[in-house]
Number of protein chains: 2
Amino acid sequence: MAIARTGSNLSQIAALLGVSSATVSNALSGKGRVSAELTEKIRATAADLGYTPSLTGRALRTGRTGVLGLVLPDIANPLFPQIAQAIEYAASNAGYGVLIADSRGSVALQTDAINRLIERDVDGIIIVPRLGTRIADIDCPVAVIDSPSTPGNTVSADHWQGGQAVVEHLVSLGHRKFLLIGNNPASNVQNDRIGGMKSCVPEDGHADVLWIERHEQSHGKGSLLGLQKKVEAGFTAFVAISDLHALRALTELQRAGVAVPEDVSVTGFDDLVWSSVITPGLTTVRMNTAEIADVAIAALVRVIEADAGSAIPAGPVVAAKRSSVPMQLVVRQTSGPPPKAQIA
Amino acid sequence: MAIARTGSNLSQIAALLGVSSATVSNALSGKGRVSAELTEKIRATAADLGYTPSLTGRALRTGRTGVLGLVLPDIANPLFPQIAQAIEYAASNAGYGVLIADSRGSVALQTDAINRLIERDVDGIIIVPRLGTRIADIDCPVAVIDSPSTPGNTVSADHWQGGQAVVEHLVSLGHRKFLLIGNNPASNVQNDRIGGMKSCVPEDGHADVLWIERHEQSHGKGSLLGLQKKVEAGFTAFVAISDLHALRALTELQRAGVAVPEDVSVTGFDDLVWSSVITPGLTTVRMNTAEIADVAIAALVRVIEADAGSAIPAGPVVAAKRSSVPMQLVVRQTSGPPPKAQIA
DNA sequence: CAGGGTTGATTAATCGATTAATCAACCCTG
DNA sequence: CAGGGTTGATTAATCGATTAATCAACCCTG
C-alpha cells in the first residue's frame with residue numbers, strides 16, 4: 001500500500017464538489033472548458049483545503065520534473081555561494097527547483113555528478129565547468145557558465161572587459177609597471193582576465209605575469225610570492241585575477257612593510273565577502289551574478305518548454321540572447337596613485 | 001500525450017523477456033520470489049538496455065521522493081560551500097538528492113524556502129538556521145545544524161570546545177590578556193565559542209569581548225575596530241569567532257605597523273579557504289563538516305525510512321546519536337609567544 | 001492418491017495529475 | 001423540426017514502478 005501524502009489531492013476536491021477530477025484539473029490550470037461559476041467554486045475549495053498539486057504526479061504524466069541540476073566545480077572557489085544563490089533565485093522565480101551536484105574538483109566526479117542529476121530526471125543542467133573541462137554529450141539541455149571565449153559557453157561575465165576596467169583605472173592613476181597575478185593558465189576565465197588587462201597596458205608601460213600554480217611547483221605550496229623583490233624592481237601595481245590572490249599579495253606586502261596603497265596598489269576580482277572588511281578595503285571587479293543567472297535560466301527554460309514540439313534539440317548546450325554580461329569596477333582603498341618617484 | 005522518457009522502463013524489459021513487469025521489478029529489487037535463473041536474465045537485459053528506474057514513478061507509488069532539502073542562511077557566510085558539499089556528499093552516499101533553498105538572510109524568506117521544499121515533496125530537510133530563528137512547525141523530518149546549546153539542535157560542531165582549544169593554545173604560549181572578537185551576541189554559535197574561550201582564561205588573565213555589529217552601529221560599517229589602542233592597552237591575543245573577523249583584525253593590525261605574531265597573536269575560526277594562503281598563515285579552528293553531515297543525514301534517513309511504520313513522528317526535529325562533533329585546532333603562523341616584556 | 005504447502009510467476013490496483021476522446025444537453029438556423 | 005455547432009462536463013487511458021492478492025504447477029506426506 002502506498003503511503004498517502006499529507007495534503008489533499010485533486011480527487012478529494014472533486015469528490016467534495018461532486019465533479020470529476022478532470023474538471024478540477026482543468027479549472028485550476030485554466031485549460032479545457034469549465035464554467036466560470038464552477039471554476040470559482042473549485043478555486044475556493046482548493047484554497048480552503050490548502051491544496052498544492054503533487055509535483056511528482058504531474059512530473060510522471062508530463063515528463064517534466066520542474067527541477068534543474070547545478071553542477072559546481074571545486075568548492076574551494078569562494079564565489080560559488082553567490083552563483084548558487086543567484087541560480088536558485090532565478091530558477092525559483094521561473095518555477096524550478098535546483099538540485100546540487102558537486103564535482104569535487106575532479107573531471108571523473110563531474111561526470112558522475114551529471115549522471116546522478118540525469119537519473120533524477122532533471123529538465124536541464126547548469127554547469128560551471130572545472131578548468132578546461134569539455135562537456136561530454138549530455139542527454140538534456142545544458143547551460144554553461146564559463147567565459148565568453150569558451151566554445152559552447154552559454155553566458156558568463158565579460159572577464160576580458162573586467163580586466164580592461166581594472167587596468168584602465170590603474171593607468172589613469174599613473175601606474176605603468178604591472179605585475180599580473182594568475183593561478184592557472186589553463187583556465188579560460190583567468191586567461192580572459194589577464195588578456196583584458198594586458199590589452200590596456202600603454203605603450204610606455206610594462207606587464208609581467210606571475211602564475212601562482214607554477215610558482216608553487218618550484219617553491220612549494222603556500223610559499224611567499226617574492227613580491228618585495230618585484231617592488232624593488234619598480235612594479236607599482238599588483239593586479240590579481242581573484243580576490244583570493246589579491247589578499248595573499250596584500251598580506252605578503254603588508255608583512256614586508258610595503259604600504260598599500262601609498263607604495264603600491266593591489267587589486268582583485270570577484271568582490272568576495274571579505275574584500276570590503278579588510279584594511280585597507282580591496283579594489284576589485286564584481287560580476288553581475290544575478291543577471292548571469294537570469295540569462296542562463298531563461299535560455300534553459302526556453303529550450304525546455306519548447307521541447308514539447310521539437311523532440312530532439314539541435315545540440316545539448318543552449319544558446320542565450322546575451323552571452324556576456326559586463327563586470328563592474330569597485331574602487332576601494334587598495335588602489336591609489338603610485339609614489340611620486342615612480343612617475344616618470 | 002505524455003512525453004516518453006529517453007531511457008528504457010520496466011515494461012520494455014518485461015516485453016523483451018516475455019514476463020510481467022511485476023516480475024522484473026521483483027527481480028531487480030530482490031523482493032518477492034523470482035527464480036535465480038530468471039533473475040539473472042533480467043539483470044542482464046536491464047544492464048544491456050542501460051535501464052535506470054524512473055525515480056518519479058517510484059516516488060509516486062512509494063510516497064518517498066528520495067530528495068532532501070537544504071536550507072541555508074545568509075549566503076555571506078563563507079563556510080556555506082563546505083557544509084553544502086559535505087551534505088551533498090553524505091546524502092548522495094545514502095541515495096538521496098539535495099535540493100537547495102536559500103533563505104537570503106531573512107526569516108520570512110526562510111519560511112518561504114522551507115515551503116517551497118515541502119511543495120516539492122522532500123523527504124526531509126536540513127536547516128542551518130539563521131541567527132536566533134526558531135524552526136516553525138514543519139510537516140516533515142528536520143535536522144538542525146546550529147550549536148549544541150540550541151534547543152532542538154540535531155548535530156553541530158562543539159563550538160564551546162573549539163573556543164577552549166584556541167585559548168588553551170594561546171595560554172600555553174604565555175598570553176594572558178585576550179580580546180575576544182564576536183559579531184552578534186544573538187548567535188548561539190558565537191556565544192558558545194566566546195563562552196568556551198572565556199572558560200579557559202586563567203585567573204591571572206583577563207578577557208574583553210568586542211562585538212563588531214555593536215561597534216559598527218556607533219562607528220559605521222567597515223570602520224576600524226580600534227585595535228591599535230587595544231595593543232597599547234596590553235592586549236596580546238586577538239581571538240575572533242570567525243576567520244573573516246580575524247582577517248579584518250590582522251589587516252588592521254598589519255596596516256598599523258603591529259607585527260603578527262611577534263607583537264600580538266591573531267586567531268580565527270572555521271579554516272576558510274584563504275586562511276592558509278595569507279601571510280602569515282592564520283591559526284584557526286576547523287569543524288569536521290564531513291562528520292557533521294554524516295551524522296545529520298544518518299539521523300534524518302533513520303527517521304524517514306522508519307516512517308513507514310509509525311505514521312506520525314514524535315516531533316519534526318530528529319535526534320542524532322551524537323549531537324556534537326569536536327573541532328580541531330589548526331596552528332599556523334599568526335599565533336606565537338607574546339613579546340618578552342609582556343610576560344609578567 | 002487426496003490435500004496441504006511451497007515455488008514462481010501473473011493480475012490488477014494504486015500513487016496524482018493530465019489530456020485526448022467522448023458525450024449529453026442545449027442553442028440555433030434554414 | 002431536423003440537424004450542425006457549441007458548451008460544459010465526464011470517461012478512460014496514461015506516465016513508471018510497486019505490491020497485495022491471486023493462481024497454476026508441482027512436491028510431499030500421511
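Naming convention: chains lettered A, B, ... in sequence-line order (proteins, then strands); numbering from 1 in each chain.
One can place CZ of B:Arg58 at 16 Å from C1' of D:dC15, the figure rounded to the nearest angstrom. A:Tyr51 has its OH atom 7 Å from the C1' atom of C:dA17, to the nearest Å. Taking atom CG on A:Leu10 and atom C1' on C:dC15, their separation rounds to 13 Å, with Å as the unit. In this structure, the CG atom of B:Asp121 is 11 Å from the C1' atom of C:dC15, given to the nearest Å. The nearest whole Å value for the distance from the CD atom in A:Glu119 to the P atom in D:dG16 is 16 Å. One interatomic measurement links the two molecules: CG of A:Leu55 to C1' of C:dG16, which rounds to 11 Å at whole-angstrom precision. In this structure, A:Arg64 atom CZ and D:dG16 atom P are separated by 15 Å, rounded to whole Å. Rounded to whole Å, atom C1' of C:dT18 lies 8 Å from atom CG of A:Asn26.
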Bracket notation of DNA chain D in which parentheses pair within the strand, [ ] cross earlier pairs, and | pairs with another strand (Watson-Crick or G-U, under 3.5 Å): ||||||||||||||||||||||||||||||

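Every residue was checked against the side-chain hydrogen bond (donor to acceptor under 3.5 Å, both in side chains) condition with A:Arg120, not counting sequence neighbours, and none meets it. The side-chain contact (heavy atoms from CB on, under 4.5 Å) check on B:Ala22 picks up B:Ser20, with sequence neighbours excluded. A:Arg116 is linked by a salt bridge (charged side-chain N to carboxylate O under 4.0 Å, His left out) to B:Glu88, counting only residues two or more places apart in sequence or in another chain. In terms of the side-chain hydrogen bond (donor to acceptor under 3.5 Å, both in side chains) criterion, A:Ser21 has no residue partners (sequence neighbours excluded). Among residues two or more places apart in sequence or in another chain, the side-chain contact (heavy atoms from CB on, under 4.5 Å) test is passed with A:Asp48 by none. A:Ala157 is linked by a side-chain contact (heavy atoms from CB on, under 4.5 Å) to A:His159, A:Met287, A:Ile292, A:Met327, counting only residues two or more places apart in sequence or in another chain. Taking the side-chain contact (heavy atoms from CB on, under 4.5 Å) definition, one finds that B:Ala46 meets it with B:Ile13, B:Leu28, B:Tyr51, sequence neighbours left out.
Of the candidates A:Ile297, A:Val301, A:Val67, A:Val122, A:Val301 is the only one forming a side chain to side chain contact (heavy atoms under 4.5 Å, CB included) with A:Tyr96.
In this structure the side chain of B:Ile127 never reaches within 4.5 angstrom of the side chain of B:Leu70, judged on heavy atoms.
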What N/O pairs connect the protein and nucleotides 25-27 of chain D at under 3.5 Å? Give each pair on its own line.
none

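Taking only side-chain nitrogens and oxygens, B:Arg61 never comes nearer than 4.0 Å to OP1 or OP2 of C:dT14. B:Ser25 has no side-chain polar atom (N or O) that falls below the 4.0 Å cut-off from OP1 or OP2 of D:dA17.
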Which atom pairs, one a donor and one an acceptor, fall under 3.5 Å between side chains of residues 29-36 of chain B and the rest of the protein, sequence neighbours left out?
residue : atom : partner : partner atom : Å
B:Ser29 : OG   : B:Ser25 : O            : 3.0
B:Ser29 : OG   : B:Asn26 : O            : 3.4
B:Ser29 : OG   : B:Lys31 : N            : 3.4
B:Ser35 : OG   : B:Leu38 : N            : 3.3

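A heavy-atom distance below 4.0 Å to DNA chain D is reached by these residues of residues 16-24 of chain B, ordered by number: B:Ala22. Near DNA chain D, defined here as any heavy-atom distance below 4.0 Å, the residues from residues 29-40 of chain A are A:Arg33, A:Val34, A:Ser35, A:Leu38, listed numerically.
Rounding to the nearest 0.5 Å gives a distance of 10.5 Å between CD of B:Gln110 and CG of B:Asp112.
The closest donor-acceptor contact from the side chain of B:Thr23 to the backbone of B:Val19 lies at 3.5 Å or more, if one exists at all. A donor-acceptor pair under 3.5 Å is formed between the side chain of A:Arg302 and the backbone N or O of A:Ala319.
Side-chain atoms of A:Thr150 and A:Asn188 include a donor-acceptor pair closer than 3.5 Å.
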